[in-house]
Engineer: 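Right, I'll just put the structure down here and ask away after.
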Amino acid sequence: MTDTKSAETKQEGHTSSIEDQIKLREGKVATLRERGAHPYNNQVPSPHGTQMIKERHAQHDALALEANHTETYAVAGRVVALRSMGKVTFIGLRDGAGDLQIFVRKDKVGDAAYESLKLLDLGDIACAWGRALRTKTGELSIAAGEIGSTPVPLSAGQTERPGFQLLTKALRPMPSSWFGLSDQETRYRQRYVDLAVNLEVREAFRKRARLITGMRKFLDERGYLEVETPVLHKPEEAGGATARPFATHHNALDLDLKLRIATELHLKRLVVGGFERVYEIGRIFRNEGIDRRHNPEFTSIEFYQAYATYEDLMALTEAMISQLALAVSGSAIVPYQGTNIDYTAPWPRVSMVEKVAEKLLAANDLGTIGRALYEMQLSPALERDAFLKALLDRLALLPASAWSDAAKGEPELLRKLSHAHSLGGKIAWAFEALVEHELPKDRPSFVIDFPLEVSPLARKRDREPRLVDRFEAYAGGMEIANAFSELNDPRDQEARFQAQVAAAALGDAEAMPYDSDFVRALEHGMPPTAGEGIGIDRLAMLLCDAASIRDVVLFPLLKPQADAASLSDGDDEVTQPGTPA
RNA sequence: GGGAGCGUAGCUCAAUUGGCAGAGCAAUGGACUCUUAAUCCAUAGGUUGAAGGUUCGAUUCCUUCCGCUCUCACCA
């Protein structure tokens, strides 16, 4: 008896497991078809946007809307609210811009149409037409089926349409509109649900789009040419940055390929060819760990300008990013994780060599370095290059103990320093460990005075060849840009590549390959050029106040779920018919 | 890869020393012609991430695995 009853209950749909809810909705699809209503209809007049309607009538009260009927609007979107009062129903429709209420009265739409509301569920896509009015509580609404001052909007071939119509049946229920969807994993894996439910997520990606549009506009206005270079790199081309690449393979050519880790070397070839200002916005792939600031695929912009130096690019960067902050967020001062960052130019400059020397001095009370800094303060007339030269001379003479003293309490730094074979490497590691976290929090900053050894593609500084003409821009504790006057001496570039090959031989998995064609290009002569790369995702994080890069990447890479993996096992066999069993 | 935390209904979250797995929203049936998280009556919904173990009894304790978050490392 009991079993029979529960079986009957199930058949009547008196359950609410997800499977039963889907079955129930599939039943409504069938009912719609029986009634001649297409559950996946596309006979829709081009809808008016909810934003336009709301803006147009923002100042009109209920009386004004009654006295002067509005035009007859068509509105379409997802049903996000559904409240029935009996013979009156309120429907919240959400389109790309926002929500607008539909007011359905049984006596206005007719019994048949009103009855069809029973087949409507939260999450369905629907449309309605009618004039605008304000309800008793003052909310602007579309009065379904009530003609306004213009004809009923129809799509081609239609002669009439109901005041309210379901367009697309959703088989799955949407998450609660009140509580939203907060489970991070579901939000990333099912971004379509996240976007549909959490409107602020849409806004973040709109900002990202404005950011990229703004960059294009900024560079186009300055005579830059947008280009596209290969994503698939031959193994010897996969350079331009220190990172491990993804490996892939071209079947027809039986050719091993790498996904690019930078666009740099191809863009500089174009400068050789005569495109004096070029840029590329594109996806970069780096085979490395995933964390708050790293996604294995990300978007970079690199731009190169002939007859410019890295100092020109500092000015350009300040102008571009402060302008982008304004364009994207409405202000040059943008909050990030609780701190307001002021992007107004000029940004403070921080010397890597000088800051590292200061740290060593503080740790060691070393007379030689101290004297150099003291001299700098005493005589501002002292040539900056001479000062840096003096600092480097003294740093080069320091015993290993001086570095380890500075690294006290930093076991990781100690380990890294022991791996750094060059003075430049030590300086770079010491900067990262000791100084980077002290960079200004409320301002972006430029780090300058980079050592040669960590900059294989940058031009040596004329008056101090142990340094290169390079800067990195930091903001919000992240590196957002890297730029330098480009190395265009082909023999010097050869030597740098050889040093990279040697490093690779010693086990450096991130060393660049020897790109002989790039050297060949330089042998044809590249004009003096400065180039820069900006991490667009990082910049988007800053301007969207996003704590994680995953909040500005629509579909971030996640580990496959166990369920999904077991499901796809079967698919693999189907999609690989050529694989011998 | 190391460390810490988390995983319970479609969604958001509870569950006492280890003692019958619950609520709100969503869903289903009903009432209601101006709602705003509508309200009211009724109903249904669970392999507590997975697999083992301890126990008379496990959401709870132990082990392993999977995934997510934070963090360190790697990495700019």
Side-chain angles (χ1 to χ4, degrees), chain A residues 5-6 9-25 27 62 80-92 99 101-109 114 118 121-123 133-139 141 143 170-190 193 197-198 241-244 261-262 284 286-296 298 300 411-412 415-416 428-429 431-432 436 447 454 472-474 477-482 509-510 533 535 538 547-548 550 556 558-566:
Chain A
K5 267 184 184 174
S6 70
T9 306
K10 283 235 167 190
Q11 282 172 0
E12 287 163 17
H14 287 264
T15 65
S16 59
S17 70
I18 184 60
E19 293 82 6
D20 290 324
Q21 289 192 49
I22 290 173
K23 272 180 199 152
L24 203 68
R25 289 179 179 223
V80 292
L82 192 55
R83 289 184 287 273
S84 171
M85 301 300 122
K87 297 190 180 66
V88 175
T89 296
F90 298 90
I91 300 171
D99 299 353
Q101 182 167 269
I102 309 299
F103 182 37
V104 189
R105 273 185 276 207
K106 189 175 185 181
D107 57 359
K108 300 288 183 183
V109 299
Y114 198 82
K118 284 189 177 168
D121 289 301
L122 283 172
L133 54 67
R134 284 194 187 275
T135 59
K136 199 177 278 181
T137 51
E139 176 153 346
S141 307
L171 297 181
R172 291 180 178 273
M174 295 294 287
S176 152
S177 58
W178 177 248
F179 292 104
L181 177 69
S182 60
D183 181 73
Q184 289 286 11
E185 187 174 351
T186 309
R187 289 186 49 216
Y188 296 146
R189 288 189 196 278
Q190 299 173 34
V193 178
V197 173
N198 298 323
T242 54
R244 271 183 275 186
I261 58 172
I284 299 294
R286 295 187 182 174
N287 208 336
E288 59 195 26
I290 297 173
D291 64 26
R292 209 173 61 227
R293 298 184 184 85
H294 298 84
N295 195 56
F298 62 99
S300 83
E412 284 305 326
R415 198 172 59 75
K416 285 174 182 173
W429 282 122
F431 182 85
E432 184 175 320
E436 195 176 299
V447 175
V454 296
E472 283 186 351
Y474 279 80
M478 294 183 288
E479 179 205 333
I480 56 170
N482 180 22
E510 284 129 25
R538 299 267 178 93
S548 168
R550 290 173 171 179
L558 300 179
K559 283 193 195 176
Q561 284 171 313
D563 289 352
S566 64

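Just so you know, these numbers come straight off a predicted model, no measurement behind them. Below, chains carry the letters A, B, ... as their sequence lines are ordered, and counting in each starts from 1. Values below: every heavy atom of this structure, side chains too, minus hydrogens, waters and symmetry copies.
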Engineer: Starting at atom NZ of Lys106(A), determine the distance to atom C1' of U35(B), rounded to an integer number of angstrom.
Structural biologist: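 Rounding to the nearest Å, NZ of Lys106(A) and C1' of U35(B) are 18 Å apart.
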
Engineer: Contact class for Asp183(A) (heavy atom, under 4.0 Å): base, sugar-phosphate, or nothing?
Structural biologist: sugar-phosphate

Engineer: Would you say U71(B) has OP1 or OP2 under 4.0 Å from some side-chain N or O of Arg292(A)?
Structural biologist: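 Yes, such a contact exists.
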
Engineer: CD of Glu139(A) versus C1' of A37(B): gap in Å, rounded?
Structural biologist: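 Interatomic distance, CD of Glu139(A) to C1' of A37(B): 14 Å.
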
Engineer: Compare all side-chain heavy atoms of Val104(A) with those of Ser84(A) and state whether any distance is below 4.5 angstrom.
Structural biologist: no

Engineer: Looking at every heavy atom in both Arg25(A) and Pro173(A), which two are closest together, and how far apart are they?
Structural biologist: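 Distance-wise, the nearest heavy atoms are NH2-CA, 3.8 Å.
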
Engineer: Quick one: is Ser176(A) getting a side-chain N or O under 4.0 Å of the U12(B) phosphate, OP1 or OP2?
Structural biologist: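 No, Ser176(A) has no side-chain N/O under 4.0 Å of OP1/OP2 on U12(B).
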
Engineer: Treating Gln21(A) as the side-chain partner and Ser16(A) as the backbone partner, does any N or O pair qualify as donor plus acceptor under 3.5 Å?
Structural biologist: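 Present.
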
Engineer: Of the nucleotides G10(B), C68(B), U35(B), which one has an atom closest to the side chain of Gln21(A)?
Structural biologist: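 It is G10(B).
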
Engineer: For A50(B), give its Watson-Crick or G-U wobble partner with both distances under 3.5 Å, or none.
Structural biologist: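 The base-pairing partner of A50(B), which may sit in any strand shown, is U64(B).
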
Engineer: From CZ of Phe179(A) over to P of A27(B), roughly how many Å is that when rounded to an integer?
Structural biologist: 14 Å

Engineer: Pairing check on G57(B): which nucleotide meets the Watson-Crick or G-U wobble criteria with it, both distances under 3.5 Å?
Structural biologist: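 When the pairing criteria are applied, nothing turns out to pair with G57(B), so the answer is none.
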
Engineer: When all nucleic acid strands are considered with a 4.0 Å heavy-atom cut-off, which category describes Ile22(A): base, sugar-phosphate, or nothing?
Structural biologist: nothing

Engineer: Does Arg83(A) have a side-chain nitrogen or oxygen under 4.0 Å from the phosphate oxygens OP1 or OP2 of A38(B)?
Structural biologist: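 It does, given that an N or O in the side chain of Arg83(A) lies less than 4.0 Å from OP1 or OP2 of A38(B).
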
